[in-house]
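Notes to accompany the following structure.
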Amino acid sequence: MARYNAKDSESRWQAVWAERRSFATPNDSARPKCYVLEMFPYPSGNIHMGHARNYTMGDCLARFRRAQGYNVLHPMGWDAFGLPAENAARDKGVNPRAWVESNIANMRAQLKLMGLAIDWSREFATCDPAYYGRQQKLFLDFYKLGLVYRSEADVNWDPIDQTVLANEQVIDGRGWRSGAVVERRKLSQWFFRITAFSDDLLAALDGLERWPEKVRLMQKNWIGRSEGLRFFFALSNGESVEVFSTRPDTLFGASFVALSPDHPLAEELAKSDPELARFIEECRRTGTAEAEIEKAEKRGYDTGLKADHPFDPDWKLPVMVANFVLMGYGTGAIFGCPAHDARDLEFARKYDLPVLPVVIPEGQDPRSFRIADEPYVGPGRLANSRFLDGMSVEQAQDEVAKRLEAGGRARRTVQYRLRDWLASRQRAWGCPIPMIHCPGCGVTPAREADLPIMLPDDLDFSVHGNPLDSHPTWKHTTCPSCGGKALRETDTLDTFVDSSWYFARFCDARAEGPVNPEALDYWLPVDQYIGGIEHAILHLLYARFFTRGLKKAGYAKIDEPFAGLFTQGMICHETYRDDDGEWREPSEVEKRDGKAFLKDTGAPVVIGPSEKMSKSKKNTVAPSAFVDVYGADAMRWFMLSDTPPERDIEWTESGVEGCWRFIQRVHRLVTEARDLPPPGAPIGPVKGAALELRRATHRAIAAVTEDLDTLRFNRAVAQIYALANEIGGAQGDIDRAALREALEALVLLIGPMTPHLAETCWEALGHTTLVAESDWPKADPALVRRDTITIAVQVNGKLRGTLEVANGAAEDSVRAGALALEGVSRALDGRAPKRVIVVPNRIVNIVA
RNA sequence: GCGGGCGUGGCGGAACGGUAGACGCAACGGACUUAAAAUCCGUAGGACCGAAAGGCCCAUGGGGGUUCGAGUCCCUCCGCCCGCACCA
């Protein structure tokens, strides 16, 4: 029997699917819809293993749903704007569009070799004018709705990428892509008003039941809602300063008022106080470069001003400028209560300010309760607090709020950590912002008729800064309002904007408007979105915001774009280092007896721990190289096997070879089966081994169906192995119809996972139809149900025997059978059972 | 520091509170073969008793608890991983 030739089989079936348009998805189907989406790739040039895992999972689900009768939308596109193309343009002198397009062509071919069930007619790249032009339209829509605005702001400047970054893109004070220490600059920039939806983005998280709890929590913390009180302190210079506090109950424990170094009042005071100016300057430096080194150090500067306590004008508090107070949160000013806040305590100890406890834990004496190294942040009774004495924390907070509100000096507010999305980028390879700066009319939106505002093809990337800005003609235009000379906005949009609505465009990728509301209504929300956890905050939050914007603009009826979210684990591989300590690629290494050697010289290499595949450690394996040798099905099978999909998976040669052997084994099982009845032949009553095979078949169908429904691919794979083992173990003279049924079930069950193999086997079984167009098999409940059940019999919780009983056997007979077991009487050793617990169809436990 | 997750054979991992280790990888023994590869059959957590059949004890990071019964629930300690990090 000829071995299964994966290469021939795969190219053949890929051609058949393409020719028959098996995966083209109509927008007008009577069948229920299912939208399966994997996060679209950046066209770096090659598919990597992370893509392969991501798209294998999504494809398996898409094919499964299609077989179940859904009208499945499973599209693919390209997140094609962004810095790497500019770098390539500068370093290699190529045109960024040409570079991206050749990368896309390469990757599209690699994806097609994986045999993905994708509707390629919906493909687009975000750098297509047809896409970004419509994004410009959305930008103008959002502008009209007040969801886009321009504002001067302190921005995070990445000195390497020469662009500003959103807060979300600054990780530990460094640019998320470049790793450069971020500087601060004041610039006029475009923002999306994401905070307009702060409360809604937070509250709606509870409804996202098919999202990982972890992701919901990360978003919740990112939005960071807290309730508190804003109120004023009168100052000795006649001015006043507003503070924000979530703990107004501790007001009588206050020992200072602190301003952010960026607070307008601090800046004002610095004009006449050079020492303060120096201090502020220092704080700004440590805010970035030395953030890691001195991050814990609290430092302050006494302005000499005094603040009146709101409830006692004779009580004067020092007004400090403190480096730990952030201008971007609350009012940029606080009152410090050292006894009940860790930062305030550290600050007070350093500057020798009073530490007066005002919340006393239950059971402690207010006269003797002292704060030592730790503040007290728990519940308790108020003390040392005049009219608040004896109240609970909640009562006291309410009382303070009431009294200050009554005097018009305070208001209760909700504060968010979330800030508006700074979306301007000083980059040329991005979506141009459709705005025009007119010396007379100011900032004016471009006319919609003038969209798309296209990028020029002749950008010079050798210049410093934004090539769009230094282009000789591009930015010169006329004002849509007055017709006079004007300049285009040369900033482009953050590429996260591009990925914030692509899923909506897929619903009708050729729609005249940005999206087709009818198609949106039909397809959205995405039923299952699959991608990496690294997008838990940025991309998913922005997409949630954009969907709300689409709704407000009248395009969509929903708020939430992704009903189900799955975050897959990463791909790991062993690392190798040679004698010189240099990293070596797996392809350069061969292994013998658990040791590793360089292929060319035979020199030994040290095997390091398995780590996430990365270029820096050279522990990557290219999917395409693997597909070349073993075929796409073996890779797909590996990606789904063994490791639960949310966990990191380790790529191993031996595991992959095991997959290849399984592919061959399935092919053998099918092609070596002799004398099968024709397809569709009825199956008569069977017994004995044939009945057992039928039971195994239907149990496998039921189990695999459930596992795929819940994305437990690894368990589905195990069930399929078990079925293959049953078929392999069946006697040669078993009922042929039962054998055909088992083989057909096996082939249909592997269809979503190893689709090419399934088609070849299906054909070998005499079918002229395609697995890709076949229905999912149905389990017969009568065959899934077991007639007899082996139940465990325990004495005092220890296993002493097993008992074969009829399914649903009466408790009495089970009890009697259990007590009659030899192992039970031996364990009882003459003692009478005190109690016998019978759990039907499960277990008997005899308590002696 | 705060928040979250995880800890089961040599490895990846199974296990509605109910026979721990399904399934796979690696390993070992056997068959086929001149040989190897491939394939097929079989073995396999650990200790002890037994010629064997089998018996018996210990095992899910450590300790404690709830329960007839705990890998699973609760408390506590240890270890590892991830996220956020001066958010008032």
Side-chain angles (χ1 to χ4, degrees), chain A residues 1 3 171-173 212-218 220-222 224-226 228-229 243-248 250 258 260 287 291 295-298 322-326 328-337 340-344 346-347 415-419 533-534 536-537 594 610 637-638 641-644 646-650 652-659 661-662 664-665 668 712 714-725 728-729 790-803 822-823 826-827 833-839 841-848:
Chain A
M1 179 53 61
R3 278 163 69 91
I171 317 285
D172 292 333
E213 186 58 38
K214 181 189 172 76
V215 174
R216 289 196 279 174
L217 206 79
M218 283 166 74
K220 190 179 165 197
N221 292 337
W222 188 263
R225 182 184 199 273
S226 53
L229 196 69
V243 302
F244 173 73
S245 174
T246 56
R247 292 295 303 274
T250 63
S260 164
K295 104 177 80 171
E297 179 84 13
K298 303 276 180 290
N323 64 342
F324 67 94
V325 181
L326 308 174
Y329 188 80
T331 61
I334 61 161
F335 79 84
C337 175
H340 304 293
D341 181 280
R343 293 154 304 174
D344 297 348
E346 188 187 334
F347 190 77
Q415 198 62 48
Y416 297 92
R417 204 183 89 99
L418 183 69
R419 278 174 259 161
I533 185 77
E534 68 273 19
I537 295 175
S610 182
W637 188 251
F638 181 87
S641 299
D642 296 346
T643 304
E646 70 278 10
R647 284 197 215 170
D648 291 352
I649 192 171
E650 190 183 352
T652 63
E653 283 299 315
S654 56
V656 147
E657 278 163 21
C659 292
R661 282 201 297 272
F662 180 72
Q664 293 292 341
R665 186 162 160 235
R668 262 198 320 278
R712 287 181 287 198
N714 58 316
R715 297 208 319 188
V717 163
Q719 301 289 354
I720 289 170
Y721 272 115
L723 177 59
N725 290 344
T790 307
I791 65 172
V793 179
Q794 301 179 331
V795 176
N796 291 334
K798 283 190 200 304
L799 184 70
R800 295 299 179 208
T802 58
L803 194 61
E822 191 198 327
R826 187 169 47 234
K834 287 191 192 121
R835 206 180 142 189
V836 180
I837 291 139
V838 180
V839 182
N841 287 353
R842 282 247 169 245
I843 203 166
V844 176
N845 191 12
I846 297 159
V847 187

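Each chain gets a letter, A, B and so on, in the order the sequences are listed, and its residues count up from 1.
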Between U19(B), A85(B), C68(B), which one does the side chain of Ala792(A) approach most closely? U19(B)
Nearest to the Arg417(A) side chain among C87(B), G18(B), G12(B), which nucleotide is it? C87(B)
Regarding the side chain of Arg800(A), the nearest nucleotide among G83(B), C86(B), C57(B) is C57(B)
Nearest-nucleotide pick for Leu326(A), side chain only, options being G83(B), A88(B), A20(B): A88(B)
Strictly by Watson-Crick or wobble contacts shorter than 3.5 Å, is anything paired with U19(B), and which nucleotide is it? none
Can you classify the ring geometry of Phe662(A) versus Trp637(A) as parallel (below 30°), tilted (30 to 60°) or perpendicular (above 60°)? parallel
Between Gly729(A) and Thr331(A), which is nearer to the 5' end of RNA chain B once each is assigned its nearest nucleotide? Gly729(A)
Distance, C1' atom - from U76(B) to G55(B), rounded to whole angstrom: 38 Å
Under-3.5 Å N/O pairs linking protein and nucleotides 21-31 of chain B:
| unit_1 | atom_1 | unit_2 | atom_2 | d |
| --- | --- | --- | --- | --- |
| G24(B) | OP1 | Asn725(A) | ND2 | 3.3 |
| C25(B) | O2' | Ser654(A) | OG | 3.1 |
| A26(B) | OP1 | Arg661(A) | NH2 | 3.4 |
| A26(B) | OP2 | Arg661(A) | NH2 | 3.0 |

Tell me which nucleotide, if any, is Watson-Crick or G-U wobble paired with A44(B) when both distances must be under 3.5 Å. none
Ile846(A) side chain reached by Val836(A) side chain, heavy atoms, under 4.5 Å: yes
Gly336(A) backbone acceptor or donor facing Asp341(A) side chain under 3.5 Å: no
Can you figure out which of G12(B), C57(B), G18(B) approaches the side chain of Gln794(A) most closely? G18(B)
Does the distance from a Lys or Arg side-chain N to an Asp or Glu carboxylate O, for Glu346(A) and Arg343(A), drop under 4.0 Å? no
Under 4.0 Å, heavy atoms only, any strand: does Val325(A) hit a base, just the sugar-phosphate, or nothing? base
For A35(B), which nucleotide in any strand shown is its Watson-Crick or wobble partner with both distances under 3.5 Å? none
Where each residue is assigned the nucleotide of RNA chain B containing its nearest heavy atom, which of Phe335(A) and Ile649(A) is assigned the position nearer the 5′ end? Ile649(A)
Nearest to the side chain of Arg835(A), heavy atoms from C-beta on, is which of G18(B), A88(B), C68(B)? C68(B)
At under 4.0 Å between heavy atoms, what does Val839(A) touch on the DNA or RNA strands: base, sugar-phosphate, or nothing? base
Syn or anti for G9(B), taking syn as within 90° of 0? syn
Hunt down the Watson-Crick or G-U wobble partner of A59(B), both distances under 3.5 Å, from any strand shown, or write none. none
Output yes when a side-chain donor or acceptor of Ser245(A) lies under 3.5 Å from a complementary backbone atom of Leu229(A), and no otherwise. no
For Trp222(A), does its backbone N or O pair with a side-chain atom of Arg417(A) as donor and acceptor, under 3.5 Å? yes
What does C11(B) pair with, Watson-Crick or G-U, if both distances are under 3.5 Å? G24(B)
Taking donor-acceptor contacts at under 3.5 Å, does the side chain of Lys834(A) reach the base of C68(B)? no
Suppose you measure atom P in A70(B) against the same atom in G4(B); what distance do you get, rounded to whole Å? 28 Å
Check whether Asp344(A) reaches the backbone of Cys337(A) with its side chain - one donor and one acceptor, N or O, closer than 3.5 Å. yes
Counterpart base for C2(B), defined by Watson-Crick or G-U wobble contacts under 3.5 Å: G83(B)
Cationic tip of Lys298(A) above Phe324(A) ring, under 6.0 Å, 45° of axis: yes
